[in-house]
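So the structure is just underneath, and the comments pick up after that.
None of these values were measured; they are calculated from a predicted model.
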Amino acid sequence: MTNPVIQQKLPEATLETLQMVGVSALLTALLGLPLGLLLHATSLGGLTPSRAVNAVVGFVANVVRSLPFLILMIAVIPLTRALVGTTLQWKAAVVPLTIGAVPFFARLVETAVRDVNPGKVEAARVIGATRIGITVQVHIREALPALVSSFTVTVIALVGYSAMAGVIGAGGIGALAISYGYQRFDNAVMAACVVVLTVFVVVVQALGDVIARALDHR
């Protein structure tokens with residue numbers, strides 16, 4: 001591969017994509033898991049049913065999920081600048097990436113926990129388990145394989161979002177594909193970017209599947 005752009009720019013762009021996706025995925029897990037548990041707990045039949053809380057949290061999550069990611073990135077530019085101090089480079093991309101992924105992951109968490117056998121929840125209640133105990137020892141523990149699969153799907157979505165973040169100067173593979181592959185009509189660069197992103201997705205999916213199967217003791 002003798003293309004100088006691929007040799008000089010692709011490694012740096014790949015690292016930037018790994019950084020923005022990695023940090024965003026970590027923040028999404030930390031914020032999305034409790035949000036998803038809250039959505040389930042406050043739903044009808046949850047541990048602490050609350051129609052008002054569930055409606056408000058669910059509405060906000062649905063609104064954010066309904067926004068196309070490109071529009072979301074532009075809409076949160078003031079927040080990004082306030083939190084990071086800039087709207088450029090991979091660190092700035094972490095803000096819209098996290099905001100876009102958290103409600104997506106939260107809904108997947110809610111669905112995964114909802115599928116836990118209700119009989120196990122009732123058994124835990126009978127022996128006097130607290131709500132926190134039921135959440136951790138029953139809901140999370142029983143839904144762990146599904147949660148891992150949900151997180152895998154979310155990380156793959158973040159890889160796609162990170163490519164779009166290049167439109168607003170966030171760096172990474174997306175910026176390289178736009179600046180050199182598209183604007184300069186360099187098909188080799190475009191193909192290299194597609195290959196790298198495909199490898200990301202394949203590796204993430206494979207790791208997620210392996211971990212989910214290892215945790216599934218059914």
Between [atom1] on residue [X] and [atom2] on residue [Y], distance to nearest 0.5 Å:
{"X": "Tyr161", "Y": "Leu70", "atom1": "OH", "atom2": "CG", "answer": "12.0 Å"}
{"X": "Thr111", "Y": "Arg114", "atom1": "OG1", "atom2": "CZ", "answer": "5.0 Å"}
{"X": "Leu67", "Y": "Met73", "atom1": "CG", "atom2": "CE", "answer": "12.0 Å"}
{"X": "Arg51", "Y": "Ser43", "atom1": "CZ", "atom2": "OG", "answer": "12.0 Å"}
{"X": "Ile127", "Y": "Glu122", "atom1": "CD1", "atom2": "CD", "answer": "12.0 Å"}
{"X": "His40", "Y": "Leu35", "atom1": "NE2", "atom2": "CG", "answer": "14.0 Å"}

Q.
Going by the rule side chain to side chain donor-acceptor pair (under 3.5 Å), which residues pair with Arg81 if we only count those two or more places apart in sequence or in a different chain?
A. none
Answer yes if [X] and [Y] sit in the same cluster of Ile, Leu, Val, Met, Phe, Trp and Tyr residues linked by side chain heavy atoms under 4.5 Å apart, and no otherwise.
{"X": "Leu31", "Y": "Leu38", "result": "yes"}
{"X": "Phe69", "Y": "Leu197", "result": "yes"}
{"X": "Leu30", "Y": "Val155", "result": "no"}
{"X": "Leu27", "Y": "Leu72", "result": "yes"}
{"X": "Phe104", "Y": "Leu39", "result": "no"}

Tell me, do [X] and [Y] make a side-chain contact under 4.5 Å, heavy atoms counted?
{"X": "Thr14", "Y": "Leu10", "result": "yes"}
{"X": "Val136", "Y": "Arg141", "result": "no"}
{"X": "Leu97", "Y": "Met20", "result": "yes"}
{"X": "Leu158", "Y": "Thr98", "result": "no"}
{"X": "Val196", "Y": "Cys193", "result": "no"}

Nearest heavy atoms of [X] and [Y], plus distance in Å:
{"X": "Ala112", "Y": "Ala146", "value": "CB-CB, 3.7 Å"}
{"X": "Val148", "Y": "Ala212", "value": "CG1-N, 3.9 Å"}
{"X": "Pro103", "Y": "Ala61", "value": "CB-O, 3.6 Å"}
{"X": "His139", "Y": "Val113", "value": "CG-CG1, 3.5 Å"}
{"X": "Val109", "Y": "Leu37", "value": "CG1-N, 4.0 Å"}

Indicate yes or no for a side-chain donor-acceptor contact from [X] to the backbone of [Y] under 3.5 Å, with no hydrogens or angles considered.
{"X": "Asn54", "Y": "Ser50", "value": "no"}
{"X": "Thr17", "Y": "Ile173", "value": "yes"}
{"X": "Ser24", "Y": "Val21", "value": "no"}

Q | Listed partners of Phe200 passing ring-ring contact (aromatic ring centres under 6.0 Å, His included), at least two apart | A | none
Q: Can you label the angle between the Phe105 ring and the Phe151 ring as parallel, tilted or perpendicular, going by 30° and 60°?
A: perpendicular
Q: Run the numbers on Thr152 and Gln205 for side chain to side chain contact (heavy atoms under 4.5 Å, CB included), then give the verdict.
A: CA-CA 6 Å; Thr152 301; Gln205 186 66 64; 3.9 Å; yes
Q. Under the salt bridge (charged side-chain N to carboxylate O under 4.0 Å, His left out) rule, what pairs show up with a residue in residues 89-108, not counting sequence neighbours?
A. Arg107-Glu110
